[in-house]
**Student:** 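Following this message is one structure expressed as structure tokens.
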Amino acid sequence: MTAILTVTGLCKRFGGLTATDNVSLEVKTGEIHALIGPNGAGKSTLINQLCGELAPDAGRIELGGREITHDSPEDRVHQGLGRTFQITSLLEDFTVRQNLGLAIQARAGGNLRIWDRVGARRSIWAEADRRLGESGLAARAGTPVADLSHGEKKQLELILALAGEPRLLLLDEPMAGLGHVESQQMIAGLNGLRGHVSMLLVEHDMDAVFALADRISVLVYGQLLMTGTAEEIRRDARVREAYLGGEEELC
Amino acid sequence: MTRLIFPALIFLSFLFLPVLADLLGESVLRTMGARIMIYAICAASLNLILGYGGMVSFGHAAFFGIGNYVVGILYHHYASGEPLWGLIPGSNQMLITLPAAMLVAGIAALIIGALSLRTSGVQFIMITLAFAQMLFFLFVSLKTYGGEDGIIVRRTNALFGLNMRDKTTVYYVILGVATLYFLALWRIVNSSFGAMLSGIRQNERRMAAMGISTYRYKLYGFVLAGMSAGLAGALMANMLRFASPDTMHWTKSGEFMIMVILGGVGSFLGPILGSAAFVTLETYLAGWTEHWPLVLGLILLIVVLGTRGGIKGLIDRLLGGRS
Amino acid sequence: MKRKTPWSLTGLATGALMALGGPALAEEPVKIGMITTLSGAVGYIGEDIRDAFQLAMDQNGGKLGGVPVELLVEDDGFKPGNGRQIAEKFMYDEDVKILTGIIFSNIAGATVPDVVDNGAIYISPNAAPSNMAGKECHENYFAVAWQNDALHEATGIAAKKMGYKNAFALAPNYQAGKDAIAGFKKGFGGEIVGELYTQLGQTDYSAEMAQIRAANPEVVFQFHPGGMGIAFLRQYQQAGLLGQIPMVLSEPATDAVILKAVGESAVGINGTAHWNWDFDNEASKTFVAAWKEKYGDRPITYYASQSYDTALLIASALKETGGVDDIDALRAALRKADFDSVRGPFEFGPNQHPVQNWYLVDIEMGEAGVPVTVTKELLVEGFGDSYSALCQM
Amino acid sequence: MTLLIIEQLLNGLQYGVMLFLLAAGLTLIFGIMGVINLAHGSLYMVGAFAGTWVATETGSFWIGVPAALAAAMLTGFAVEAVVVRRLYARDHLDQVLATFSLILIFNQLIVLIFGRAPIYTALPPAFSESVELIPGLFYPPYRLLIIAVGLLVALGLWGLINFTRIGMLVRAGSTNREMVRALGVDIRLLYTFVFGLGAMLAGLAGFMTGPILAVQVGMGEQILLATFVVVVIGGVGSIKGAFVAGIGLGVIDTCLRAFLPGLLRNLMPASEADALGLGISSMGIYLLMAVVLLIRPKGLFAVEG
């Protein structure tokens with residue numbers, strides 16, 4: 001299996017704090033790769049470097065064999081990188097359908113046109129309706145995003161990211177704040193994407209991680225502790241110590 | 001169909017305003033109407049970047065003033081017969097001066113926007129203000145063009161052999177241009193680009209995550225808005241037959257912002273309502289009491305503290321629930 | 001502290017009349033439209049223009065030249081567009097044939113061409129920009145005060161006459177500032193050892209003070225209207241230059257309101273004037289006495305005198321024509337300038353701008369602890385302006 | 001020449017501390033409450049008029065000082081309670097419009113109370129004559145007084161911000177508003193305090209400049225834009241930024257006006273040098289702000305967060 005994402009020797013410092021300490025990581029094509037670690041381990045910093053919102057001090061990021069270390073966030077999207085946000089980040093004034101339409105429109109291009117009618121771009125709206133129909137949000141198509149529940153917003157985050165037809169999806173805590181039933185739905189949804197799109201999943205919910213991940217990487221104090229299968233992680237003493245030393249429990 | 005009623009009503013009021021003015025013997029209504037339309041074009045262009053695009057520009061009068069001066073300067077060279085820089089001949093043809101004003105204002109907006117849009121938030125507000133002030137000081141010191149005294153444009157620009165000395169004719173020319181402008185703006189707002197601009201206002205980070213290079217879109221919007229403001233300024237020079245640096249003073253930028261907010265930020269018809277309200281208030285309050293700034297200040301304060309969404313928001317609420 | 005003065009009553013009355021809009025008076029009065037600036041830092045000038053005109057009317061029981069008149073006043077808010085709109089309102093809706101009152105050249109530029117093109121008469125009590133004195137002159141446009149350039153040319157003549165050989169000139173970096181220095185140079189003819197332009201609206205002049213001291217000229221000429229001028233004079237004194245290097249000023253920098261705000265910092269400076277409160281002629285004495293009676297110790301500015309003269313000029317014409325129905329007759333009557341001006345000799349040149357005398361004045365400390373201008377000598381007689389040659393009427 | 005340079009540096013310093021007094025309050029209000037207060041210049045005007053009036057009535061410049069401070073502070077409290085408090089949750093647009101309305105209201109109120117003419121402010125007698133600082137350098141002592149007061153205020157603010165509990169809250173507030181709320185502090189009280197403090201400094205600046213400038217309607221707007229430039233260059237919310245940018249801007253502005261035309265004359269013909277020097281110095285502060293923002297989009301000492 002080839003690697004879709006290869007990270008080599010990535011470093012990021014904030015003043016005296018090393019948030020990302022020489023991290024090397026590989027996500028294989030088609031796999032769901034989870035990234036876990038206690039609070040303050042530098043997961044968000046790492047994600048932000050991967051999607052281009054933060055510039056690393058050193059190291060190299062490759063997507064599908066092409067270097068993207070210094071590309072802008074937009075260019076990375078064009079290279080096939082999609083993402084969801086930990087705190088949902090949507091277009092609050094638009095309806096669900098408009099949000100999705102805009103995401104498809106962004107992928108389709110031709111957006112500096114001022115003399116067309118976006119409502120008349122049929123292919124976009126046909127695709128939007130198809131994607132909504134496949135999701136659980138079809139009934140909420142006309143609802144403004146501001147009126148959605150938290151769970152629905154999380155769902156929409158995922159739908160929007162998928163509308164960009166990414167090769168690799170960065171999922172930043174997709175379960176955060178979800179109830180049990182919603183979590184199960186989200187897990188089922190992500191499971192359904194297995195094989196279609198590679199994923200790097202940052203998550204605190206260990207049930208979800210163990211249910212989904214093909215491989216897991218553990219990040220502690222900015223350093224990559226280990227990468228392995230769920231079973232290997234569970235058994236590893238260093239991982240246990242890192243978690244028991246913190247506030248969180250493994251399992 | 002119902003949503004067309006309101007714009008149609010506005011158009012018809014402007015269409016019959018001169019007739020009404022003659023009937024009532026209040027010809028000031030015609031002048032007011034013309035000013036309202038011109039300011040509405042400028043406020044609507046500000047609304048495009050501010051209301052639809054989320055860019056709070058405090059220097060929009062710069063482009064209004066540039067349009068104003070393009071007409072003035074072209075007329076100056078037309079009257080003197082000496083080409084500008086020995087190259088560009090002057091003109092008094094509206095079909096030349098209006099596009100020229102839009103072009104020059106657009107180029108200025110491209111330069112100012114390209115630099116300003118590297119910042120955001122308060123810094124963007126201040127840097128746009130700074131550029132407008134620099135232009136203001138530049139024009140105040142231009143001796144050739146009258147400095148702060150401005151340029152007198154002795155005759156309104158010619159158009160299709162119409163009798164442009166007749167104020168009602170000029171009024172209807174302005175109405176024609178304004179109508180075309182708002183139709184065009186309607187298309188822009190509902191275009192692919194319009195959707196992108198609205199998305200950028202709501203959430204720039206999300207747009208970047210969709211692969212949109214927001215800078216390009218914002219700059220494009222800024223240039224379009226600058227061109228429209230230039231158009232408005234050119235019309236103003238034709239109506240007043242005068243161009244002066246006070247059209248680019250920072251308080252003018254403030255007035256355009258007031259019109260947008262008063263009418264309703266991000267609403268298509270808001271700038272027309274806001275401009276109408278502002279011009280009407282200013283005219284009648286000044287006629288009523290010499291302390292009109294006090295009354296105007298109080299009214300504006302109450303509007304901004306007491307209502308959301310300006311006049312358009314108020315009307316929508318009165319008509320029931322639509323926001 | 002000066003509080004509200006009785007003009008507010010007349011103001012209210014006019015306002016009420018305008019609101020009613022009807023011909024309420026038995027005898028249809030001649031309407032005179034006054035567009036002036038009452039807003040902002042320069043509002044005091046508009047206030048003087050309005051009140052002095054009203055004073056002239058009140059002295060004659062609401063009549064000018066025996067004809068009942070009604071004064072309509074509106075604030076242009078220091079905006080050219082507003083001035084233009086008010087003019088249209090006056091002309092079309094109120095059928096006003098005589099307009100006056102504008103203080104600033106840029107508002108005049110936007111408003112006056114429209115007024116005269118419509119066959120109404122405009123009589124300027126203050127602003128008189130060069131274009132309207134020359135190429136753009138018009139038979140319906142009269143300037144009562146002076147042509148802008150003449151103000152500074154007279155000051156240049158004063159500096160020359162006082163025997164100064166070199167001068168340092170300062171003005172804000174805008175058109176009027178450049179015109180001021182050009183006008184001064186023209187009248188002065190001596191060496192200019194330093195020429196500095198300041199920013200419009202500048203508040204701190206310390207950098208300029210140091211440069212003046214370094215250049216050590218025989219005399220300083222500066223033109224900073226309004227608040228800028230107050231700041232300049234105070235800082236000139238604080239820098240220890242007052243009394244060291246003499247200064248000559250043009251009229252707009254030495255109006256009575258500014259002198260009151262400047263205080264002792266103005267004492268010892270020379271100015272020029274076309275009218276001063278101490279003029280020894282009947283018209284002026286009547287004016288000053290009437291002002292004192294009505295407004296007490298409120299400073300009496302030359303702006304007020306110009307507006308008062310404007311009212312007297314209109315009175316002289318109305319006396320001859322009896323009304324405004326025949327504009328040609330009215331214009332001809334105005335052109336004669338057959339009235340006793342508060343400044344003494346007065347006539348119109350071919351471009352309908354004044355030909356008049358200019359005087360040298362000293363600024364001395366007055367009795368009330370407020371500096372006053374004291375007339376010293378006649379500088380130049382029958383002085384017009386250089387633009388009249390360009391005017392073809 | 002050296003004397004001239006020293007004198008101009010002093011002038012720049014004096015202008016700079018004045019800008020600092022105004023900018024300090026504005027930047028705190030900006031940084032902590034997130035409010036763009038265009039009416040800050042009106043508080044400066046209120047201080048100038050109230051202080052000058054009291055000083056004239058009592059005949060003592062020094063009694064004018066507390067009067068100016070009190071008037072500006074009380075006006076500040078009133079403005080905060082009646083208007084600004086409702087703007088915290090609003091966007092910049094509403095703030096700009098509301099405070100712009102306040103400018104109109106305050107200017108016309110001053111016209112109603114004091115009339116339209118500028119009013120006279122006497123210098124304190126001890127400060128009216130120039131003193132010889134070093135041989136050959138005469139300098140107005142009143143400007144030295146302003147410099148001293150400005151530096152004292154800067155020192156006081158530094159102490160207040162760094163060594164008191166209120167200062168701690170102010171610092172916390174300008175980096176992270178939520179955190180102050182989480183600390184269980186009555187945020188409303190803190191806001192009122194900061195606004196009052198800012199207003200008081202503006203009033204002090206207004207009264208102190210009275211004898212140098214003209215006390216007149218609209219005096220606030222003249223200085224408002226320069227103050228905003230200082231705040232933005234220094235970095236919103238940073239007192240240190242306001243200090244450095246205020247003094248820097250004061251010195252640069254003064255020196256540009258004083259020396260630039262002369263320097264340019266060495267490089268090019270006199271008429272071109274004058275025109276260029278003039279252009280650069282009248283656009284000076286705006287040009288400087290544009291350049292700073294293009295290099296550091298958040299200003300020199302931007303507060304993180």
**Student:** Which atoms of Ile302(B) are under 4.5 Å from chain D, going by heavy atoms: the side chain, the backbone, both sets, or neither?
**Tutor:** neither

**Student:** Would you say that more than 12 heavy atoms from the other residues, nucleotides or ligands in this model lie under 6.0 Å from the CZ of Arg86(D), or not?
**Tutor:** no

**Student:** Quick one, His291(B) and Leu112(D) - any side-chain contact, counting heavy atoms below 4.5 Å?
**Tutor:** yes

**Student:** Atom CZ of Phe106(D) and atom CG of Leu294(B): how far apart are they, to the nearest 0.5 Å?
**Tutor:** 11.0 Å

**Student:** Drop me the distance from Phe58(B)'s CZ to Leu225(D)'s CG, to the nearest 0.5 angstrom.
**Tutor:** 7.5 Å

**Student:** Show the nearest heavy-atom pair for residues Ala98(D) and Val304(B), with the distance to one decimal.
**Tutor:** CB-CG1, 3.6 Å

**Student:** If you count heavy-atom pairs under 4.5 Å between each of Gly299(D), Ser101(D), Pro297(D) and chain B, which one has the most?
**Tutor:** Ser101(D)

**Student:** What part of Phe100(D) gets closer than 4.5 Å to chain B, counting heavy atoms only: side chain, backbone, both or neither?
**Tutor:** side chain

**Student:** Among Val83(D), Val231(D), Ile103(D), which residue forms the greatest number of heavy-atom pairs with chain B at distances under 4.5 Å?
**Tutor:** Val83(D)

**Student:** Within this structure, what is the CG-OH distance for the pair Leu129(B) and Tyr286(D), rounded to the nearest 0.5 Å?
**Tutor:** 6.5 Å

**Student:** Please round to the nearest 0.5 Å and tell me the distance separating atom CH2 of Trp292(B) and atom CD of Gln108(D).
**Tutor:** 8.5 Å

**Student:** Distance check, rounded to the nearest 0.5 Å: Leu300(B) atom CG versus Leu97(D) atom CG?
**Tutor:** 5.5 Å

**Student:** Side chain, backbone, both or neither: which part of Val265(B) has a non-hydrogen atom closer than 4.5 Å to chain D?
**Tutor:** side chain

**Student:** What part of Val82(D) gets closer than 4.5 Å to chain B, counting heavy atoms only: side chain, backbone, both or neither?
**Tutor:** backbone

**Student:** Please look at Ile233(D) and chain B and tell me whether the side chain, the backbone, both or neither of the residue comes under 4.5 angstrom of a heavy atom of that chain.
**Tutor:** neither

**Student:** Less than 4.5 Å to any heavy atom of chain B: does that hold for the side chain of Ile36(D), its backbone, both, or neither?
**Tutor:** side chain

**Student:** Contact part of Met134(B) toward chain D, heavy-atom cut-off under 4.5 Å: side chain, backbone, both or neither?
**Tutor:** both

**Student:** Among Leu294(D), Leu102(D), Val232(D), Leu287(D), single out the residue with the greatest number of heavy-atom pairs under 4.5 Å to chain B.
**Tutor:** Leu294(D)

**Student:** Can you find a heavy atom in the side chain of Val236(D) that is under 4.5 Å from one in the side chain of Gln123(B)?
**Tutor:** yes

**Student:** Is atom CZ of Arg118(B) surrounded by more than 12 heavy atoms (other residues, nucleotides or ligands) closer than 6.0 Å?
**Tutor:** no

**Student:** Rounded to the nearest 0.5 Å, what's the gap from CD1 on Ile261(B) to CG on Asp91(D)? Could you check?
**Tutor:** 8.0 Å

**Student:** Return the option, out of Ile127(B), Leu138(B), Ile125(B), with the maximum number of heavy-atom pairs under 4.5 Å with chain D.
**Tutor:** Ile127(B)

**Student:** If I measure from the heavy atoms of chain D, does Phe131(B) come under 4.5 Å with its side chain, its backbone, both, or neither?
**Tutor:** side chain

**Student:** Quick one: are Leu305(B) and Leu87(D) in side-chain contact, heavy atoms under 4.5 Å?
**Tutor:** yes

**Student:** Which one of Val122(B), Thr119(B), Leu50(B) has the most heavy-atom pairs closer than 4.5 Å to chain D?
**Tutor:** Val122(B)

